[in-house]
Amino acid sequence: MAKNDLITGSIWDEYSNQVIRRMDNPVYQGEITEEQAKEMGGKLIVADFGAESCGDAVRLYWCVEEGTDKILDSRFKSFGCGTAIASSDAMAELCIGKSVDEAVKITNIDVEKALRDHPDVPAVPPQKMHCSVMAYDVIKKAAATYKGVDMESFEEEFIVCECARVSLATLQEVIQINDLKTVEEITDYTKAGAFCKSCIKPGGHEEKEMYLVDILENTRKEMDHDRMKNAADASAAGESSFDKMTIVQRIKLIDSILDSDIRPMLMMDGGNMEIIDIKENIPHYDIYIRYLGACSGCASGDTGTLYAIESVLKQRVDENIRVLPI
């Protein structure tokens with residue numbers, strides 16, 4: 001039966017030649033016996049791991065030199081799809097010559113990159129990326145067996161994206177440092193969600209404890225809260241004047257004052273307002289606003305209401321503030 005009888009040509013084209021070669025003729029498939037390990041002067045380690053999400057299972061054989069913890073040889077047996085076989089073959093090869101501690105640092109991304117024909121072209125379709133996760137997990141299992149510890153001891157952080165091995169702490173840090181606002185930006189920065197996509201939102205092939213959409217929303221809420229609190233605390237304590245604040249801090253501070261002192265009055269009459277921009281025009285700070293709802297056509301918008309807004313902000317924030325409607 002031809003390959004195109006099993007997989008459409010377009011999908012088959014998404015696999016690298018390296019993957020196809022290892023699917024058909026895996027180099028490191030097989031086992032290591034106790035006798036063979038002794039002949040090499042090492043200890044035999046056998047580890048099994050199964051991936052429930054795709055029904056695959058892999059057994060990893062290591063021959064480890066106990067004096068140096070060096071992996072002298074590595075073999076595997078796999079029950080699963082062709083991608084899992086190719087990934088396991090590449091994983092076994094990557095282990096050879098490394099110490100056990102070095103092998104634990106091999107990730108499924110390392111395995112996938114080892115299968116690429118070109119550094120910038122993925123080796124497998126996104127929906128099959130999760131198959132290489134099993135290779136990462138069975139390494140941990142083998143290392144744990146050798147060291148006599150629990151395999152979870154090698155996992156120091158909570159992993160959100162199994163495909164790219166991206167942790168919760170990394171995601172939160174990247175969102176905060178780069179002020180990310182969309183899941184697409186998170187994927188660009190971290191590769192989380194770029195492969196099987198189960199970690200993006202509920203409904204994927206595998207249920208997750210938390211998803212990127214929720215992490216983004218919660219992290220941005222925390223960021224907004226922290227910015228607001230820092231700006232308000234600094235202003236109240238006189239530790240940081242308005243001119244020392246970032247544009248985001250300025251907008252957050254002014255918006256919080258408008259929420260408490262101005263917007264309730266406007267909303268009673270069916271109106272509202274929004275901050276459009278803040279520009280420095282030394283010695284003034286020009287705050288450009290837009291009236292919304294009923295206020296947008298109110299004659300007092302340029303007189304009484306404007307004066308009230310400006311007076312409150314001068315008193316609460318900085319005496320050099322000017323409010324300009326647009």
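For this chain, numbers begin at 1 and follow the sequence in order.
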**Item:** Partner set under side chain to side chain donor-acceptor pair (under 3.5 Å) for E31, not counting sequence neighbours
**Value:** K77
**Message:** Working note: L94 + V111, criterion side-chain contact (heavy atoms from CB on, under 4.5 Å); need CA distance, chi angles, decisive distance, verdict.
**Reply:** CA-CA 8 Å; L94 289 173; V111 172; 4.2 Å; yes
**Request:** With salt bridge (Lys or Arg N to Asp or Glu O under 4.0 Å) as the test, would you mind laying out the steps for E217 and K221 before giving the verdict?
**Result:** CA-CA 6 Å; E217 180 182 2; K221 283 181 179 178; 3.3 Å; yes
**Item:** For K98, all residues meeting salt bridge (Lys or Arg N to Asp or Glu O under 4.0 Å), sequence neighbours excluded
**Value:** none
**Message:** With no hydrogens and no angle check, just 3.5 Å: does a side-chain donor-acceptor pair link S256 and D259?
**Reply:** no
**Note: K314-E319 ion pair, threshold 4.0 Å (strictly below)** = no
**Message:** Quick test of your reading of the model: are R22 and E93 salt-bridged, counting only N-O distances below 4.0 Å?
**Reply:** yes
**Request:** Please list, chain by chain and in numerical order, all residues satisfying side chain to side chain donor-acceptor pair (under 3.5 Å) with T68, sequence neighbours excluded.
**Result:** E65
**Asked** Does D110 pair with K105 as a salt bridge, N-O distance under 4.0 Å?
**Response** no
**Asked** How far apart are the C-alpha atoms of R316 and D261, what are their side-chain angles, what is the distance that settles it, and do they pass the salt bridge (Lys or Arg N to Asp or Glu O under 4.0 Å) test?
**Response** CA-CA 10 Å; R316 298 280 301 276; D261 292 20; 2.9 Å; yes
**Prompt:** Do K140 and D137 sit within salt-bridge range, that is, some charged N less than 4.0 Å from a carboxylate O?
**Reply:** yes
**Request:** Determine, for R21 against D117, whether the closest basic-nitrogen to carboxylate-oxygen distance falls under 4.0 angstrom.
**Result:** no
**Message:** What I want to find out is whether R75 reaches D89 closely enough, with some N-O distance under 4.0 Å, to be called a salt bridge.
**Reply:** no
**With sequence neighbours excluded, residues passing side-chain contact (heavy atoms from CB on, under 4.5 Å) with K279** = D277, Y288
**Request:** Please name all residues satisfying ring-ring contact (aromatic ring centres under 6.0 Å, His included) with Y285, sequence neighbours left out, ordered by chain then number.
**Result:** F242
**Message:** Taking the basic N atoms (NZ, or NE/NH1/NH2) and the acidic carboxylate oxygens, is any pair closer than 4.0 Å for K70 and E102?
**Reply:** no
**Item:** Qualifying residues under side-chain contact (heavy atoms from CB on, under 4.5 Å), relative to L171, sequence neighbours excluded
**Value:** V160, V166, I186, T190, A192, L212, I215
**Message:** To the nearest 0.5 Å, what is the distance between CG on L60 and NZ on K141?
**Reply:** 11.0 Å
**Residue pair D69 / Y146, side-chain donor-acceptor N/O under 3.5 Å** = yes
**Request:** Please report the closest heavy-atom contact between I159 and C161, naming both atoms and the distance.
**Result:** CG2-O, 3.4 Å
**Greater than 12 external heavy atoms within 6.0 Å of E280's CD** = yes
**Message:** Could you report the tightest heavy-atom contact between A103 and I71, atom names first, then the distance?
**Reply:** CB-CD1, 3.7 Å
